[in-house]
Each structure stands twice: as structure tokens, then as C-alpha cells.
There are 2 protein chains.
Amino acid sequence: MGTTQLETVPEPKYWHLKTVLSEALDSDFAVGEILPNERELASRFGVARATLRQALEQLELEGRLQRRRGVGTTVAPPRVGVDVGASQHGWPGAAGDAWQPVDCASAVPPVAVVRMLDFDAEDEVHVVRRLRVTNGQPVAAELLYVPDASVPDLAAIEAPSGAARARSVLRELQRLVMDGQDRAVELGSARADDAKELDRLPGAPVLVVTTRYFAEGRTAAVSVATYRADTCRLTFGDSGDVEISHHGQERRAS
Amino acid sequence: MGTTQLETVPEPKYWHLKTVLSEALDSDFAVGEILPNERELASRFGVARATLRQALEQLELEGRLQRRRGVGTTVAPPRVGVDVGASQHGWPGAAGDAWQPVDCASAVPPVAVVRMLDFDAEDEVHVVRRLRVTNGQPVAAELLYVPDASVPDLAAIEAPSGAARARSVLRELQRLVMDGQDRAVELGSARADDAKELDRLPGAPVLVVTTRYFAEGRTAAVSVATYRADTCRLTFGDSGDVEISHHGQERRAS
DNA sequence: TAGTGGTCTAGACCACCAG
DNA sequence: TGGTGGTCTAGACCACTAG
């Protein structure tokens with residue numbers, strides 16, 4: 001028995017590769033630095049490009065790498081903490097929230113949203129599109145579904161669509177007294193339109209935050225926000241301004 | 001110009017495949033039903049197996065499919081809502097929480113955890129392993145890091161490891177007065193040990209919930225819980241007992 | 001032991017970006 | 001226009017599960 005290691009559990013190559021690359025990132029690379037291209041890396045490690053890519057995909061999923069077609073693979077900065085908790089107690093669009101209204105239209109919401117609203121028919125609702133930007137980078141895209149019943153005094157005269165309309169809907173929403181809200185987080189993949197807003201390819205992993213707003217005994221609005229899973233860490237409570245990362249120093253904003 | 005469709009944006013095959021399969025799942029399959037195997041599906045759609053797999057991977061990521069080696073691909077049930085919010089206000093291990101202690105050991109925590117604890121040195125802490133089970137299925141695995149300073153009266157005489165030791169640490173923790181807690185959610189991939197507990201392959205996508213518990217002006221404990229991203233929807237607030245899915249009926253538990 | 005999904009290869013072509 | 005990552009192919013072998 002000259003073997004020093006049991007070979008009973010042969011580790012997949014891409015898994016081992018991921019470990020090696022991860023350690024190399026810690027020691028030999030700085031944030032923003034460009035890695036050798038995939039063909040070069042693959043031949044350097046003696047594996048097929050597809051295998052190398054499998055390792056890179058995992059590292060990108062974990063927020064360690066950022067890959068852009070036509071450019072290259074770079075070392076990603078630590079994930080940014082995005083507050084989706086206590087400080088958001090209030091209607092969407094309240095003063096100082098992190099979202100920027102982009103557009104508004106009327107449409108029949110998807111089935112899942114219809115179920116959350118107290119809706120029987122396939123009526124149209126106001127659909128407000130908003131974008132959340134942090135440090136100049138888009139981190140989330142939201143669709144906010146508002147039944148007409150929640151904004152009865154919305155003047156039909158105003159712009160029927162566009163950012164101005166979006167602001168009108170949000171303004172009218174503020175007049176309701178909120179009973180409470182509800183949040184859920186799950187993993188999803190970016191739809192084509194969200195992907196475009198988030199500067200990612202369709203299918204990119206996203207954290208989907210679904211919020212129900214209650215008022216007057218009903219569900220007054222439903223928000224479906226998709227956050228870039230590669231760059232974001234969703235925070236609840238008062239940890240929003242603390243940066244936690246495997247590779248940086250902890251910093252508390254002043 | 002006999003073309004009825006603009007070809008300016010050639011959709012990737014796997015993306016189109018995903019759409020087709022998704023619609024087929026809605027109309028032609030029941031939860032738990034077994035799909036044809038990958039080679040069969042690939043030839044049926046006239047694509048390479050790798051391309052077909054790319055589509056299946058996305059659908060699995062979205063919780064629509066479940067794949068098990070040696071068995072096959074089945075239609076997944078709707079994601080289960082797992083409460084990680086208000087009802088969890090209290091120390092881990094408090095009466096009636098959803099976790100089941102499995103083991104306990106002493107070890108030096110990873111760097112990221114050391115930073116969250118108010119630790120300078122590389123001292124050992126108690127590491128409690130717990131498992132969260134819902135409907136008989138494991139949904140999350142947790143590592144709870146407790147510095148010795150948080151449980152000063154822990155008798156060294158008791159079992160030095162195992163589930164009994166875990167319960168002792170949790171019991172001692174209850175004696176502290178909690179100042180508050182902190183939560184963050186991010187995407188990760190399952191480590192080998194977590195994957196085993198969750199009955200998944202290493203690298204499977206997980207939602208990592210990091211919780212800091214504060215007491216006596218310090219960080220008294222840190223919990224790192226990894227939830228199966230394919231089967232779980234994390235809920236905050238009072239929506240924990242409501243099932244929301246694309247394909248089922250909304251139900252409110254009595 | 002037969003059949004499943006998981007891993008891996010060595011190519012090819014395409015879409016995109018910067019110089 | 002050259003170089004990058006993204007998509008796709010047609011194979012091969014392996015690890016695991018169930019009968």
C-alpha cells in the first residue's frame with residue numbers, strides 16, 4: 001500500500017480545477033485583472049475548453065469572476081450588499097428609495113401575479129418598470145403590478161406611458177395606508193428583457209424578490225424584482241452597510 | 001421577401017428548447033412524472049445531447065425539473081416556502097424551531113466568519129451542525145459558529161462532540177439576552193459536505209443565508225445556512241404558509 | 001446488468017467588442 | 001480585423017441506481 005491517498009472518490013476535473021483557480025485568484029490576481037483567455041487556460045491545465053468553462057461558470061456563479069464576450073474574463077469585486085429589508089418599509093417610490101422609474105404600461109399580469117392580487121378576471125393592471133442602480137451599475141430590474149383599484153384617482157389625462165406615467169402611479173400609491181408587506185426570495189434565470197436591463201445574457205442567474213403590499217384589506221400591489229445573483233448580496237436588517245467578503249477587508253461605511 | 005419572421009436575432013437553440021420544454025411541462029406532464037431520457041429527448045428535438053442538457057440545466061435551476069443520476073429526470077413539485085423571517089426571532093435552538101442538531105465540534109472558523117465575529121486570533125470556536133427538514137426532505141444545512149465567550153458555563157465534562165454536545169451549546173446560548181440579528185442572502189454552490197446532507201451533487205446551486213446574532217454588545221454567534229435553491233423559496237414576514245407557484249393553486253394552510 | 005444522468009474531449013462556427 | 005467568450009456537435013467513458 002504505497003498510495004498516500006485513497007482513490008475511492010475521484011474528484012471531477014472541473015471541480016479540482018475550480019479549487020486551483022480559486023486559490024490562484026486569492027494569491028496571484030487583483031480585482032479587475034484580466035485572466036488568460038479560455039483556450040490558453042485550457043491548454044495550460046491540459047483539459048478541454050468545455051471542462052475549463054465548467055469551472056469558470058461555477059466561479060462566476062459564486063461571484064468570483066466576471067466574463068464578457070469580446071472582452072475577456074476578469075476578477076470580480078466582492079459582492080455588493082443591497083438592502084431589501086427594514087429601510088424599505090414604505091410604498092415603492094417613497095422619497096429616497098433606491099429605485100428609478102423607467103416606464104409604465106397597462107397589461108395583463110402573469111398568472112402567478114394574478115393569484116397574489118385578489119383578482120378573478122384577466123383584467124389589466126398598471127405595470128411600472130423600475131431600475132435599481134448602485135455605484136453606477138444596474139443591480140436589479142423590477143416590475144411593479146398595481147391594480148387600478150389601488151390608484152382610483154389616477155388621472156387618465158396624464159401621459160399614458162413612460163417615466164412620467166410611472167411617477168404618477170407611484171405618487172397615487174403613497175395615498176394608501178399600508179397594512180404590511182410580505183417578501184420571498186428565490187433563484188431564477190433572467191428573462192430576455194431583464195437581462196438586457198441588467199447588462200447580462202438571457203438566462204443569467206438572478207435572485208427574484210417578490211413583495212406583496214397590503215392595504216385596505218387587499219393586496220394593493222405586487223413587486224417582482226430580479227437582482228443580479230453574481231454581483232449582489234441581499235441584506236436584511238442593519239447589515240446593509242457592512243461589506244463581507246472572502247477576499248477583502250470588512251468595512252463599515254461612515 | 002417570403003420570410004414571415006425576421007432572422008436578425010437568432011435565438012440560441014437551448015433557449016428555444018427550454019421554452020418548448022417548459023410549455024410541454026405545463027400541458028403534458030404531471031408532478032413526479034418521468035421524462036424520456038436525455039439521449040431520447042436530444043434525438044427527438046434533433047440536437048446534440050449537450051445542447052439538450054443546457055436546456056434541462058436551466059429548467060432545473062428554476063425548480064421545474066429534478067434530475068437524479070441512475071434514475072432519470074422528473075417533473076419537480078412547486079418550490080416549498082421556507083420561513084427565514086419573523087418567526088425565527090430568537091436564538092437558534094429555541095423551542096419549536098425547524099432545525100435539528102446533528103453534531104458539534106471545535107474548529108477554527110473560515111476567514112469570512114472570523115471577520116464577523118469580533119475575533120483577532122485564530123482561536124477555535126464551537127461549530128454546531130444542524131439540518132432543517134421539511135416534509136421529510138432536507139432543505140438546508142447549517143454551520144453555527146459559537147465563540148467560547150458566548151457559552152462560558154458550558155461544562156467541559158459533557159460529551160465533547162456529537163448531537164448531545166450540540167444541544168448543550170444551544171442550551172447555553174439561550175441564557176444570553178439577544179440585542180438583535182442580521183441577515184444576508186446570496187447565491188452560492190454547495191460544498192461537498194453540505195451537498196451530501198442535502199442529497200445533491202457538489203456544486204449544486206444553494207441560497208446561503210448568513211445570520212449574525214448580537215448580544216452583550218458583541219457578535220455572539222454566526223450562522224451560515226445553505227438552502228437548496230432548486231426546491232426552496234425563502235419567505236420573510238407572514239407569507240410563510242402561502243404556496244405560490246406557476247403551476248399549482250394558491251393554498252393557505254389552516 | 002441494463003439504463004440513467006454526469007463528465008470529458010477535440011473540434012467547429014458565431015456574436016460581440018476594441019483597436 | 002483579430003481576439004474574446006458563447007453556442008453546438010458527435011462522439012466516449014464513468015458513477016450511480018434499480019431490478
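Computed from a predicted structure; not experimentally measured. Numbers restart at 1 for each chain; the letters A, B, ... are given by sequence-line order, proteins then strands.
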Closest nucleotide among D:dT9, C:dT9, C:dG5 to the B:Val47 side chain: D:dT9

Answer yes or no: does a side-chain N or O of B:Arg67 lie under 4.0 Å from OP1 or OP2 of C:dG6? yes

Toward the 5' end of DNA chain C, by each residue's nearest nucleotide, A:Ala48 or B:Pro36: B:Pro36

Of the non-hydrogen atoms in A:Ala190 and B:Trp15, which two are nearest, and what is the gap between them? O-CH2, 3.6 Å

May I ask you to evaluate whether A:Tyr14 reaches the phosphate of C:dC8, defined as a side-chain N or O under 4.0 Å from OP1 or OP2? no

Quick one: does B:Asp103's side chain have a donor or acceptor within less than 3.5 Å of a partner on B:Ala163's backbone? no

Tell me: CG of B:Leu35 to C1' of C:dG3, nearest whole Å? 16 Å

Remember a base hit wins even if backbone is also touched, and classify B:Leu56 as base, sugar-phosphate or nothing at under 4.0 Å, heavy atoms. nothing

Taking B:Arg183 for the side chain and B:Thr210 for the main chain, is one N or O donor matched with an acceptor at less than 3.5 Å? no

Heavy-atom nearest nucleotide on DNA chain D taken for A:Arg68 and for A:Ala50; more 5' hit belongs to A:Arg68

Separation of A:Arg69 atom CZ from D:dG3 atom P, in whole Å? 19 Å

note: A:Glu57, atom CD; D:dG5, atom C1'; distance rounded to Å ~ 11 Å

Give the rounded distance in Å between these two atoms: NZ of A:Lys18 and P of C:dT7. 12 Å

Measure CG/B:Leu201 against C1'/D:dA15 and give the value in whole Å, please. 10 Å

Can you find a side chain N or O atom of B:Thr51 that sits less than 4.0 Å from OP1 or OP2 on D:dT7? no

Checking only heavy atoms, does the side chain of A:Arg39 share a donor-acceptor pair with the base of D:dG3 at less than 3.5 Å? no

Nearest-angstrom distance from the residue atom CZ of A:Arg49 to P of D:dG6: 8 Å

Flag the pair B:Arg132 and B:Glu142 as a salt bridge only when some basic side-chain nitrogen lies within less than 4.0 angstrom of an acidic carboxylate oxygen. no

Is it true that a side-chain atom of A:Arg228 and a backbone atom of A:Leu198 form a donor plus acceptor pair closer than 3.5 Å? yes

Spacing between B:His16 atom NE2 and D:dC8 atom C1', to the nearest angstrom: 16 Å

Scanning all shown strands, the Watson-Crick or wobble mate of D:dG19 with both distances under 3.5 Å is none

Under 4.0 Å between a side-chain N or O of A:Asn37 and OP1 or OP2 of D:dG3? no

What's the closest nucleotide to the B:Val71 side chain, out of C:dC8, D:dT17, D:dT9? D:dT17

Taking 4.0 Å as the cut-off, does a side-chain nitrogen or oxygen of B:Thr73 come that near to OP1 or OP2 on C:dT4? no

Send over the distance from A:Glu11 CD to D:dC14 P, rounded to a whole Å. 18 Å

